[in-house]
Amino acid sequence: MTLARTIMVQGTGSSVGKSVLVTGLCRLFAEDGWRVAPFKAQNMSNNAVVTADGGEIGVAQAVQAAAAGIPATVDMNPVLLKPEGPAVSQVVVRGRAVGRMGAREYHQWRRRLWPVVRRSLGDLRAGHDLVVIEGAGSPAEVNLRATDLVNMRVARAADAPVLLVADIDRGGALAALVGTLALLTPTDRRRVRGLVINRFRGDRSLLEPGLDFLERRTRRPVVGVIPWLDQLAVPPEDSLELGGPGGRPVAPAPGATLDVAIVRLPRVANFDEFWALEREPGVRVRWVARAADLGDPDLCILPGSKATLADLAALRAGGLAAALGAVVERGTACLGICGGYQMLGEEVADPAGLEGSPGAMPGLGLLPVRTVLEARKVVRRVRVRVRPVAGLLAAAAGVELSGYEIHQGRARRTAPLGSAPAPFTAAGRPEGAVAAGGWVLGSHLHGLLHDATLRRALLGAVARRRGRRWAPGAPPALDGAGQVAAALREHLDLDRVRSWIGGAPCSPR
């Protein structure tokens with residue numbers, strides 16, 4: 001059996017652009033006729049999606065699969081860590097949650113995961129021409145080398161040439177590249193075939209002396225200087241990309257008519273589903289972490305959470321719970337998704353202590369539902385239909401779309417269906433709840449705002465209620481993979497990269 005060729009993208013640290021570059025490479029090679037698949041052995045992210053084979057993986061690998069033109073599967077991200085708090089994560093193996101572990105416990109336990117990683121990598125290589133592999137963090141963490149699951153151990157198993165990437169926009173890129181190579185073992189250092197400078201903005205001629213130094217010092221070619229890509233339409237994976245304390249501010253939309261405030265929960269999950277909303281013409285999206293910053297938005301969104309009770313407690317302690325109630329009372333519409341939906345209800349209970357100690361906490365009291373956390377996790381893709389309800393979705397009745405659910409809490413209504421209608425039908429059953437004439441809405445469903453028809457119907461309803469003149473402009477450009485692939489064709493030495501991979505695709509399309 002012929003196994004797929006491989007190439008791997010590693011970085012000098014987290015958030016240097018590895019995921020985006022892999023996305024671009026998947027699209028580029030797919031355009032060139034290769035059957036391409038992405039792979040990341042272990043990911044840490046609370047942004048997850050449900051795959052075609054019914055498991056959950058990190059959103060970055062799903063985006064990369066879409067860039068390659070194939071359905072996402074659990075093999076593309078066999079180990080996913082979903083942080084729930086300081087040094088505690090839910091561990092997902094081949095799409096299924098297997099437990100909640102502290103950092104030390106997982107450090108010891110993950111030794112048994114290497115066969116899982118090898119199996120997924122082997123299955124991908126057996127069914128494709130090329131596997132584009134993404135590393136995590138830095139390969140130079142010498143304290144983690146013995147239990148490495150995602151960097152050089154994978155490169156050796158796949159016999160993959162490695163591109164080492166540094167983010168020059170953060171500063172220190174030259175030192176990071178030199179230092180990373182210096183800390184690798186001689187065998188692993190030989191796997192690094194080329195260096196890439198990412199997110200460059202400025203005069204290339206001023207950088208040339210640094211590039212010359214790099215090539216002399218490391219004896220590796222600089223095969224690409226990738227420019228800063230404005231308005232990059234690729235969903236974020238790291239919460240550092242969000243606004244608020246500790247994050248990057250979201251640039252205000254020029255000439256915005258509508259003001260949307262999304263609550264930046266401490267353990268926010270699936271925040272990637274708002275990236276299309278952030279690009280809607282005439283809409284300003286703000287990530288709000290403090291009650292003082294909430295203001296008087298037209299729409300508030302309470303997103304998903306990986307630790308619903310802890311984030312609900314944080315909302316109360318910081319005053320945001322009271323502030324949300326006050327703006328809704330004054331006429332702000334409110335949308336809660338997954339954990340945010342559960343928080344909008346009357347109570348969230350955790351009788352088994354799945355998120356820590358057993359207990360219960362009053363919700364915000366804006367929706368007639370009560371949530372109980374249960375051991376069995378719901379992970380499924382669903383076909384969704386919007387039911388005829390007033391308020392936010394009045395203009396979207398009958399719209400059909402695809403969505404997905406990832407949750408352990410079950411929100412059950414405390415009022416009759418007639419007095420609190422469900423806004424959706426999902427997999428043939430009523431889903432979600434509305435209140436306040438339909439202007440407070442909640443659902444377990446993820447992916448709703450990816451659908452342009454529903455998204456724009458919702459925004460139009462908000463504008464009419466607030467007396468604002470908002471008309472949908474040109475649809476936002478969302479093909480970030482094509483944008484990155486075009487930049488790589490121009491700024492990456494593809495002839496050299498292809499020579500490392502070798503030849504043409506085995507099974508051209």
Side-chain angles (χ1 to χ4, degrees), residues 7-29 38-45 47 58-68 77 132-141 150-151 155 160-181 192-202 204 207 210-211 214 220 222-242 247-248 271-272 275 478-494 497:
I7 187 166
M8 188 167 191
V9 177
Q10 296 186 14
T12 57
S14 298
S15 300
V16 300
K18 297 185 293 292
S19 296
V20 170
L21 294 183
V22 169
T23 301
L25 288 171
C26 284
R27 172 62 61 83
L28 186 156
F29 283 109
F39 179 75
K40 184 167 185 174
Q42 174 189 284
N43 202 350
M44 177 176 281
S45 177
N47 283 354
V59 68
Q61 282 63 64
V63 170
Q64 291 159 1
N77 177 207
V132 184
I133 305 171
E134 180 184 341
S138 164
E141 305 292 349
V150 66
N151 285 311
V162 173
L163 293 174
L164 183 62
V165 181
D167 178 3
I168 198 168
D169 190 61
R170 292 172 179 264
L174 305 188
L177 288 166
V178 171
T180 299
L181 285 166
V192 179
R193 308 292 283 276
L195 311 178
V196 177
I197 301 291
N198 196 25
R199 296 173 179 155
F200 176 72
R201 40 185 166 185
R204 169 72 183 253
L207 181 61
L211 303 183
L214 270 180
R220 302 291 186 285
V222 177
V223 295
V225 177
I226 313 303
W228 180 275
L229 300 176
D230 287 323
Q231 296 298 310
L232 182 59
V234 174
E237 185 177 40
D238 196 316
S239 61
L240 289 176
E241 301 297 325
L242 303 181
R248 297 180 179 179
F271 52 83
D272 60 291
W275 68 293
L478 301 179
D479 185 19
Q483 184 183 359
V484 181
L488 294 181
R489 288 192 187 280
E490 183 176 356
H491 300 283
L492 188 66
D493 186 347
L494 284 174
V497 172

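As a basis for the values below, the full set of heavy atoms in this structure was taken, side chains included, without hydrogen atoms, waters or symmetry mates.
Put simply, the side chain of Arg170 reaches to within 4.5 Å of the side chain of Ser15, judged on heavy atoms. Residues Leu207 and Ile168 have side chains in contact (heavy-atom distance under 4.5 Å, counting atoms from C-beta outward). Side-chain contact check for Leu214 versus Ile197: some heavy-atom pair is nearer than 4.5 Å. Put simply, the side chain of Leu488 reaches to within 4.5 Å of the side chain of Leu25, judged on heavy atoms. When side chains are defined from C-beta on, Pro161 counts as touching Ile7, because their heavy atoms get closer than 4.5 Å. In this structure, Val192 and Leu164 have side chains that are in contact, with non-hydrogen atoms separated by less than 4.5 Å. Using a 4.5 Å cut-off on side-chain heavy atoms (C-beta onward), Val165 and Ile226 make no contact. Side chains of Arg489 and Leu28 form a contact here, defined as non-hydrogen atoms less than 4.5 Å apart.
Nearest heavy atoms, Pro139 versus Gly11: CD-O, 3.1 Å. In this structure, Pro38 and Cys26 approach most closely via the heavy-atom pair CB-SG, 4.0 Å. Of all non-hydrogen atoms in Ala67 and Thr23, the two that sit nearest each other are CB-O, 3.6 Å. Here the closest non-hydrogen pair linking Ala166 and Leu177 is CB-CG, 3.7 Å. In terms of heavy atoms, Ala66 sits closest to Arg27 at O-NH2, 4.3 Å. Shown here for Phe271 and Asn47, the closest heavy-atom pair between the two residues is N-OD1, 2.9 Å.
Rounded to the nearest 0.5 angstrom, Gln61 CD and Asn43 CG are separated by 5.0 Å. With rounding to the nearest 0.5 angstrom, the CG atom of Leu195 is 9.5 Å from the CG atom of Leu211. Atom CG of Asn77 and atom OG of Ser45 lie 9.0 Å apart (nearest 0.5 Å). The CD atom of Glu134 sits 5.0 Å away from the CD atom of Gln64 when rounded to the nearest 0.5 Å. Expressed to the nearest 0.5 Å, how far CD1 of Ile133 lies from NZ of Lys18 amounts to 14.0 Å.
Between the side chain of Asp167 and the backbone N or O of Ala173, no donor-acceptor pair lies under 3.5 Å. Asn198 places a side-chain N or O within donor-acceptor distance of the main-chain N or O of Val16, the cut-off being under 3.5 Å.
Partners of Ala155 according to the side chain to side chain contact (heavy atoms under 4.5 Å, CB included) rule, which considers only residues two or more places apart in sequence or in another chain, are Met8, Gln10, Met152, Val162, Arg191. In terms of the side chain to side chain contact (heavy atoms under 4.5 Å, CB included) criterion, residue partners of Ala140 (sequence neighbours excluded) are, by chain and number, Ser138, Thr180, Leu183. For Arg204, the salt bridge (charged side-chain N to carboxylate O under 4.0 Å, His left out) partners are Glu208, not counting sequence neighbours.
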